Asks: 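Quick one: this structure, given as structure tokens, is what I'll be asking you about.
Everything numeric in this text was worked out from a predicted model, so none of it was measured.
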Amino acid sequence: MAHSSAARTNLTSACVRIHHDEVLGEGHFRTAYAGTYIGGNRNNQEAVCKCFKNQYHVLESYFFQSDFKCLDKAIQYAEDWNEICESDETILVTRGDVHTIGATKYLVEPLIRNFTKFTSNNGWISDSQGWQGEAMEAFTHYTYHRSGGNLIVCDLQGRYKYNRFNKSKSRFELTDVAVCSRRALYGPTDLGEKGIDSFFHGHVCNQFCNINGHWARPKRTRQWFPVSSSTSMMRSSQAHALSLNNRSTFSPAYDGILEEDSDGDY
């Protein structure tokens, strides 16, 4: 999916200089450093370089694999969305590459300035983003409909890049998306059927929904998780609780849920 028209990539820039004295943000597991591309199409452009903290290096391979699986699925549905939306509502999903420098692996991708969060994966939906937030909600609804109700692409964060010279080239640029699926196949940020249910419990269809006919949505829903703008992660030992057949809800003190703040405003 790295060569997709809906993917925002490093292009031909294979090298980066990492500025360890400039931390762009820090989450529970990872730190995001500023970087500068060296050579290639993005020469001298800004990059963000994300690495796991020392105590979490053991998670690198699993998390990177899960990240790319989520991103490739999101890119697939962004391609479909871009076929039906207006030209200034298209979506690019950022998909970086892993660079190994010394003993540390960094996920390197183009920097996003003026970063904002539109939705989370636990049912939280921003109420302060106007039509842009509505469009992002609708995209998540669209992924449910397009997948036959099997998943949603959620945890939408990034920016709307407005082109004042050519409005038709304006677009959404997203990063670090999550996927919630019926079978919880997309790593620790996949909150399964209950993640899908929680999104639709808070989602009210808007002007961007149903644009090419009626879109399916669950009939009866419930909020299963504490609502938070942070990304929620489920311990693998608790994955059984994500099925709708299990009627457990999750409290803030529930020890199977971890909260990961955004790595920063990038």
Side-chain angles (χ1 to χ4, degrees), residues 1-2 4-13 16-20 22-27 29-38 40-51 63-64 67-68 70-75 77-79 81-82 85 88-99 106-121 124-126 128-133 135-137 139-140 153-167 169-179 189 229-231 260-266:
M1 285 292 175
S4 163
S5 61
R8 181 173 175 265
T9 70
N10 294 330
L11 300 176
T12 62
S13 295
V16 67
R17 180 182 299 109
I18 300 173
H19 308 301
H20 287 101
E22 186 178 349
V23 175
L24 296 175
E26 188 171 351
F29 297 100
R30 299 190 297 187
T31 302
Y33 295 99
T36 304
Y37 289 105
I38 303 170
N41 301 68
R42 294 194 181 275
N43 186 42
N44 288 326
Q45 293 182 16
E46 294 179 303
V48 58
C49 310
K50 308 170 189 176
C51 67
F63 268 74
F64 287 141
D67 279 350
F68 288 133
C70 288
L71 292 170
D72 287 343
K73 184 58 66 174
I75 290 167
Y77 285 109
E79 285 180 342
W81 168 268
N82 293 348
C85 72
D88 60 341
E89 298 159 9
T90 56
I91 293 171
L92 294 187
V93 179
T94 302
R95 190 191 194 281
D97 301 299
V98 176
H99 292 218
Y106 295 86
L107 179 60
V108 177
E109 60 188 43
L111 180 69
I112 294 179
R113 290 291 186 188
N114 303 315
F115 181 95
T116 192
K117 190 143 186 175
F118 300 102
T119 68
S120 189
N121 63 336
W124 177 86
I125 298 170
S126 173
S128 62
Q129 300 302 322
W131 74 265
Q132 297 168 14
M136 291 297 89
E137 276 191 71
F139 174 62
T140 295
V153 177
C154 54
D155 206 23
L156 304 183
Q157 50 204 310
R159 68 177 173 183
Y160 183 71
K161 187 176 182 181
Y162 179 69
N163 187 319
R164 62 192 178 94
F165 300 106
N166 188 342
K167 182 184 175 186
K169 292 187 177 180
S170 300
R171 66 197 187 199
F172 290 95
E173 296 179 345
L174 303 179
T175 186
D176 287 343
V177 301
V179 173
T189 58
S229 61
S230 298
T231 301
E260 173 76 334
D261 291 331
S262 296
D263 295 325
D265 290 341
Y266 53 81

Asks: Assess the residue pair Thr231 and Asp155 against the criterion (side-chain hydrogen bond (donor to acceptor under 3.5 Å, both in side chains)); give the C-alpha distance rounded to whole Å, side-chain angles, the decisive distance to 0.1 Å, and a yes or no.
Replies: CA-CA 7 Å; Thr231 301; Asp155 206 23; 2.7 Å; yes
Asks: Starting at OH of Tyr33, measure out to CG of Leu24 and round the result to the nearest 0.5 Å.
Replies: 10.5 Å
Asks: For the atom pair CZ (Arg8) and CG (Leu174), what is the distance rounded to the nearest 0.5 Å?
Replies: 9.5 Å
Asks: What residues form a side chain to side chain donor-acceptor pair (under 3.5 Å) with Gln132, not counting sequence neighbours?
Replies: none
Asks: Please name all residues satisfying side chain to side chain donor-acceptor pair (under 3.5 Å) with Tyr106, sequence neighbours left out, ordered by chain then number.
Replies: His20
Asks: Does Arg30 form a salt bridge (charged side-chain N to carboxylate O under 4.0 Å, His left out) with Asp67? I'd like the steps, not just the answer.
Replies: CA-CA 13 Å; Arg30 299 190 297 187; Asp67 279 350; 3.5 Å; yes
Asks: Kindly compute the distance separating CG (Leu156) from CG (Asp176), expressed to the nearest 0.5 Å.
Replies: 11.5 Å
Asks: Assign the ring pair Phe29 / Phe63 to parallel, tilted or perpendicular, where the plane angle (0 to 90°) is split at 30° and 60°.
Replies: tilted
Asks: Please say which of Arg164, Lys161, Lys167 ends up in a salt bridge (Lys or Arg N to Asp or Glu O under 4.0 Å) with Asp88.
Replies: Lys167
Asks: Can the ring centroids of Trp131 and Tyr160 be said to lie less than 6.0 angstrom from one another?
Replies: yes
Asks: Nearest 0.5 angstrom please: Glu109 CD to Thr9 OG1, how far?
Replies: 11.0 Å
Asks: Evaluate the criterion side-chain hydrogen bond (donor to acceptor under 3.5 Å, both in side chains) for residue pair Glu79 and Ser4; output intermediate values, then yes/no.
Replies: CA-CA 8 Å; Glu79 285 180 342; Ser4 163; 2.4 Å; yes
Asks: Can you tell me how far the CZ atom of Arg113 sits from the CD atom of Glu46, to the nearest 0.5 Å?
Replies: 4.0 Å
